[in-house]
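Okay, structure first, notes after.
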Number of protein chains: 2
Amino acid sequence: MLLDSINSPADLKKIPEEQLDALAEEIRQVLITKLAAHGGHVGPNLGTVELEIALHYVFDSPTDRIVFDVSHQSYTHKILTGRREAFTDPSKYNEDSGFTNPDESVHDWFNIGHTSTSLSLGAGLARARDIAGDHYNVINVIGDGSMSGGEAYEGFDVIGEMGTNFITIFNDNGMSIAENHGGIYKNFAALREGNGKADTNLFTAMGFDYRFVREGNNVHELIKALRELKDIDHPVVLHIVTEKGLGYAPAMLHKEHWHWQKPFDESTGLTIHHHELLPGEKFESWSSVTGDWLMNKIKTDPRFVALTSATPDVLHFDEQRRKEAGLHYVDVGIAEETAVAMASGLAKNGAIPVYAFEGTFVQRAYDQIIQDLCINSNPAVLLDFESGAYGMNDVTHLSFHDIVMMGNIPNLVYLAPTTKQEYLAMLEWATTQRERPVAIRVPATRIVEGEEDTTDYNELNKFDMVRKGKDVAIIGVGDFYKLGEQVADQLHEQFGLDATLINPKFISDIDESMLEQLTNDHRLVVTLEDGQLQGGFGEHVARFLGPTDVRVRSYGLERRFVDRYNPAELLEANRLTVPQITEDIQALLSL
Amino acid sequence: MLLDSINSPADLKKIPEEQLDALAEEIRQVLITKLAAHGGHVGPNLGTVELEIALHYVFDSPTDRIVFDVSHQSYTHKILTGRREAFTDPSKYNEDSGFTNPDESVHDWFNIGHTSTSLSLGAGLARARDIAGDHYNVINVIGDGSMSGGEAYEGFDVIGEMGTNFITIFNDNGMSIAENHGGIYKNFAALREGNGKADTNLFTAMGFDYRFVREGNNVHELIKALRELKDIDHPVVLHIVTEKGLGYAPAMLHKEHWHWQKPFDESTGLTIHHHELLPGEKFESWSSVTGDWLMNKIKTDPRFVALTSATPDVLHFDEQRRKEAGLHYVDVGIAEETAVAMASGLAKNGAIPVYAFEGTFVQRAYDQIIQDLCINSNPAVLLDFESGAYGMNDVTHLSFHDIVMMGNIPNLVYLAPTTKQEYLAMLEWATTQRERPVAIRVPATRIVEGEEDTTDYNELNKFDMVRKGKDVAIIGVGDFYKLGEQVADQLHEQFGLDATLINPKFISDIDESMLEQLTNDHRLVVTLEDGQLQGGFGEHVARFLGPTDVRVRSYGLERRFVDRYNPAELLEANRLTVPQITEDIQALLSL
């Protein structure tokens with residue numbers, strides 16, 4: 001294999017250009033084999049094999065700095081920069097992250113996993129170069145959906161003014177995670193049709209020079225174009241047209257489905273499930289329940305609007321549903337700020353917007369949640385998926401901060417269901433009341449069946465005391481309620497202790513009257529939350545009870561970034577197991 | 001006066017069009033008189049008098065919805081929608097806010113004070129209209145700097161696809177708060193020069209139709225153009241050219257200075273100071289100290305870069321300094337996300353970036369601080385100005401959340417100086433160490449002189465125990481250290497009690513060893529912070545000491561939005577006065 005000889009970009013440059021097509025084929029096969037066994041971003045990486053070969057063939061990384069937007073499409077770059085074995089040797093498949101990572105290689109400039117930041121990061125690299133009087137190239141690779149995030153435009157704008165060497169590769173594959181959305185895509189289509197010429201041009205309007213390569217999967221065309229741009233003295237966009245999923249038929253056919261995939265059977269393209277469904281068995285998830293509920297609402301109440309920022313699968317809205325929902329479905333693209341502000345506008349104007357997202361991404365709309373939504377107290381509903389220890393475990397995709405973030409914003413009610421029934425009751429209440437914005441923390445764990453929930457959520461911040469005991473009270477937040485229940489059972493079994501067990505449901509405030517009441521016959525209150533301890537729910541309880549004689553022991557995740565962790569190990573490291581918590585309680589109560 | 005007859009847009013419509021110039025002059029004089037007495041956004045409002053007359057002359061508010069971006073330029077709109085007396089009657093000058101406010105009028109759709117949100121909010125109004133089958137107009141007014149925030153582009157993109165009635169008025173006055181920055185302004189200049197025609201057009205590239213009015217302060221031209229757009233069936237931008245500050249000579253001459261002004265002498269344009277400087281007296285502020293220090297650094301160390309997002313005055317960088325700093329000064333426009341990501345890129349590439357901002361705005365870059373900066377642990381320095389009770393007091397400009405936000409992000413060290421000497425020592429350390437991002441909470445209060453600070457900040461999270469006492473320890477954060485000192489003095493005077501007094505300096509973590517030590521001879525720990533209590537510093541202390549016998553009483557601001565409050569009253573409402581705190585301590589210690 002040609003690939004065997006490549007341990008660095010310098011090795012790549014030794015290969016004659018006419019052999020690069022063969023190399024691209026080798027890499028593509030390596031990617032398919034690893035992805036089938038390991039899972040990952042299939043479509044984006046298959047579409048950019050030639051681009052990344054061409055980049056390293058023409059430029060001199062790491063002197064020339066290449067920044068990948070989102071960096072989920074950097075696998076070929078990794079293969080070419082000394083990390084080949086993480087793709088060719090199954091025993092090393094887990095060695096490298098799915099994103100660029102400066103700890104892995106000097107060819108990677110940043111840990112990146114959120115979109116539309118590459119121009120702004122690159123602007124910093126470029127200005128640092130300019131003040132140092134250096135003259136290398138700064139290159140960023142953007143596209144595959146990341147053109148819809150506003151920060152990209154801020155970056156274009158700033159670099160457009162800087163007027164210095166900056167090369168933006170716009171990888172136009174006609175897709176986001178789902179289909180592309182937005183007015184800009186008309187301009188991109190016009191530019192594609194006009195072979196780089198159109199009545200107007202977004203990039204030149206932002207102050208960039210502009211070049212076009214129709215054959216973005218032709219390594220020779222790319223090399224030619226990049227050679228012309230190398231050492232250019234001003235900002236330029238190279239617009240290339242590529243095919244997402246190129247080389248793997250299923251991924252070319254179903255581009256959205258194949259954006260990211262779990263392990264699959266290479267010959268059939270079928271996902272490998274660890275648990276095969278039995279005949280007649282229906283797989284229910286928090287997402288599927290949400291989608292069913294919301295679609296039914298849309299059909300029966302014309303005020304409902306489902307909102308997503310490019311991840312309709314979170315809502316279980318497939319193409320059929322999106323079509324059926326019509327104007328009642330909005331995909332703003334990867335643009336969380338706009339999604340929140342739009343939800344506020346919808347609510348203000350009489351609609352009932354439900355915006356669902358993955359927790360890690362909604363951090364981008366912190367200001368919009370405070371300003372556009374909560375100061376205005378418009379009744380939009382936010383559904384936070386995948387937060388906590390059981391969510392995505394890449395350091396760039398953690399969501400441990402949702403309780404710190406959403407749980408501390410004035411006017412926002414943040415709810416944490418423990419069962420499907422509670423979740424549905426919360427959804428009903430949130431979309432029926434017209435007073436305030438409500439967010440719901442949808443667990444990242446498997447769906448749990450429970451009793452019917454008849455809570456009156458209009459009575460804000462009223463915790464549910466499920467078991468009344470004494471001495472110790474355990475408050476288990478959301479998916480950690482179960483953990484609290486197990487600890488209570490263990491205390492009973494081990495020490496004959498009847499612990500009070502509380503399901504708070506409301507996690508953006510505390511039930512002062514219930515906590516007050518606990519001070520009568522409790523010596524200890526324990527809080528359990530599946531999120532960062534510092535700044536979270538448990539600390540509110542500790543602060544409220546701080547002036548009293550009741551002791552408080554709060555459990556949650558340490559304030560620390562972790563990468564590709566094992567959830568069980570992470571919980572144990574934070575003393576979040578039943579034996580550990582029981583042991584602590586035993587010590588605190590001197591049992 | 002024509003104005004006397006106008007209590008609603010309907011009244012305005014009764015005035016013959018030929019008298020509107022006279023009306024504009026009346027309004028302009030009313031604005032100048034009020035602004036001289038009261039202060040406010042001078043330039044933006046003087047530039048948009050004709051536009052707002054024309055909007056209400058042509059459209060039917062509130063059926064037609066008009067959304068003002070930032071909404072600092074909505075004064076004429078307020079005058080024309082029943083709130084005239086707040087501008088003409090000095091006894092009512094304080095009745096209305098400086099921003100749109102739905103509590104004041106049905107003609108106001110949102111409380112807005114942060115930039116670039118009007119398109120996204122309007123997109124929500126428009127979609128709610130469309131699903132209800134209604135056909136009124138949705139209009140937004142943007143410009144005066146707000147075109148640099150990325151959310152505006154997300155909004156254009158979404159509306160460009162919606163393809164429904166949406167009218168964007170782009171008020172092009174050639175200015176942001178300071179001069180405009182960015183590649184897009186070249187396109188705007190080309191469009192102005194070409195009378196609406198240029199090689200490329202940012203707005204049509206985003207999917208909007210486009211019209212141009214050169215005479216944006218000519219009410220008749222505006223009315224003509226708006227009449228043509230009324231009830232249009234697709235998104236359109238009306239690009240108008242106005243003069244910021246029109247009608248008041250000083251404001252036309254010094255546009256940046258007159259963007260917002262304190263009360264001034266109308267005849268001379270001089271600011272009215274409550275405290276006149278004596279001859280030879282130098283006025284020092286946290287900003288002036290920062291600017292002096294940073295300019296000196298830039299001159300002596302070529303790695304330093306000063307960053308701002310359109311508020312160079314925070315850094316005390318006047319035009320002379322900006323010029324002098326050259327490549328070492330970057331104004332990204334109102335684009336906080338890009339400022340943070342760019343700072344990360346600068347730091348990664350060997351520069352020493354110092355980004356200064358007003359706390360209320362940095363909320364927009366929460367995700368960038370987490371992802372682009374802190375996960376990557378690049379040594380950029382963030383200076384947070386104007387946070388806490390003494391900052392801006394409009395509900396849209398509060399910054400009570402900075403400790404909750406910045407104090408809880410992993411890898412970020414958040415420091416709170418109590419004196420100028422501590423601040424300078426923190427700046428030196430933050431820009432010398434190359435390990436991690438550091439943020440400093442610059443007080444919103446007057447600068448305080450103190451002793452030389454010889455702290456070794458490399459020893460992270462080490463609190464400074466200024467007085468060693470017993471029974472009660474008081475931890476005063478940043479500008480509230482002084483309050484802690486006063487309480488300690490009061491306790492001594494009143495009860496002969498020697499309280500321990502602690503200046504934490506580090507507020508993103510706790511000094512566990514010192515807190516541990518306190519448990520030996522203290523019964524109570526009191527924390528004082530000038531920010532939201534819930535999620536803040538005091539709660540971390542309460543959580544850490546929760547399992548011990550030491551009581552904790554934490555003070556801070558209630559989790560609540562407040563508008564145009566009096567700081568002293570706000571503090572009293574939160575029991576943040578010396579007598580209140582002393583009384584609480586007395587009760588808790590049974591003195």
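Each chain gets a letter, A, B and so on, in the order its sequence line appears, and its residues count up from 1. The figures that follow rest on heavy atoms only: side chains count, while hydrogens, waters and symmetry mates do not.
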| message | Show, in sequence, the C-alpha distance, side-chain angles and deciding distance for Asp367(B) and Glu336(A), and conclude whether the side chain to side chain contact (heavy atoms under 4.5 Å, CB included) test is met. | response | CA-CA 11 Å; Asp367(B) 189 58; Glu336(A) 296 81 5; over 6 Å; no
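In this structure, the portions of Glu151(A) lying under 4.5 Å from any heavy atom of chain B include both its backbone and its side chain. Proximity to chain B (any heavy atom under 4.5 Å) is restricted, for Arg560(A), to the backbone atoms N, CA, C and O. Looking at Gln368(A), only its side chain comes within 4.5 Å of chain B, counting heavy atoms on both sides. Contacts between Ile370(A) and chain B at a heavy-atom distance below 4.5 Å involve backbone atoms as well as side-chain atoms. Neither the backbone nor the side chain of Ser377(A) comes within less than 4.5 Å of any heavy atom of chain B. Residue Ile112(A): no heavy atom, backbone or side chain, is found under 4.5 Å from chain B. Only the side chain of Gln532(B) comes within contact range of chain A, with heavy atoms under 4.5 Å apart. In this structure, chain B has no heavy atom under 4.5 Å from any part of Asn101(A). Heavy-atom distances place both the backbone and the side chain of Ser508(A) under 4.5 Å from chain B.
Annotation: side chain of Arg127(B) is in contact with side chain of Leu327(A) (closest heavy-atom distance under 4.5 Å). Between Val552(A) and Pro547(B), every side-chain heavy-atom pair lies at or beyond the 4.5 Å cut-off. Counting heavy atoms from C-beta outward, Arg559(A) and Asn411(B) have side chains that stay 4.5 Å or more apart.
Side-chain atoms of Arg65(B) and Asn349(A) form a donor-acceptor pair, as typed in the model, at a separation below 3.5 Å. A donor and an acceptor atom, one from each side chain of His401(B) and Asn408(A), are nowhere located under 3.5 Å apart.
Between the CG atom in Leu202(A) and the OH atom in Tyr153(B) there is a gap of 9.0 Å [rounded to 0.5 Å].
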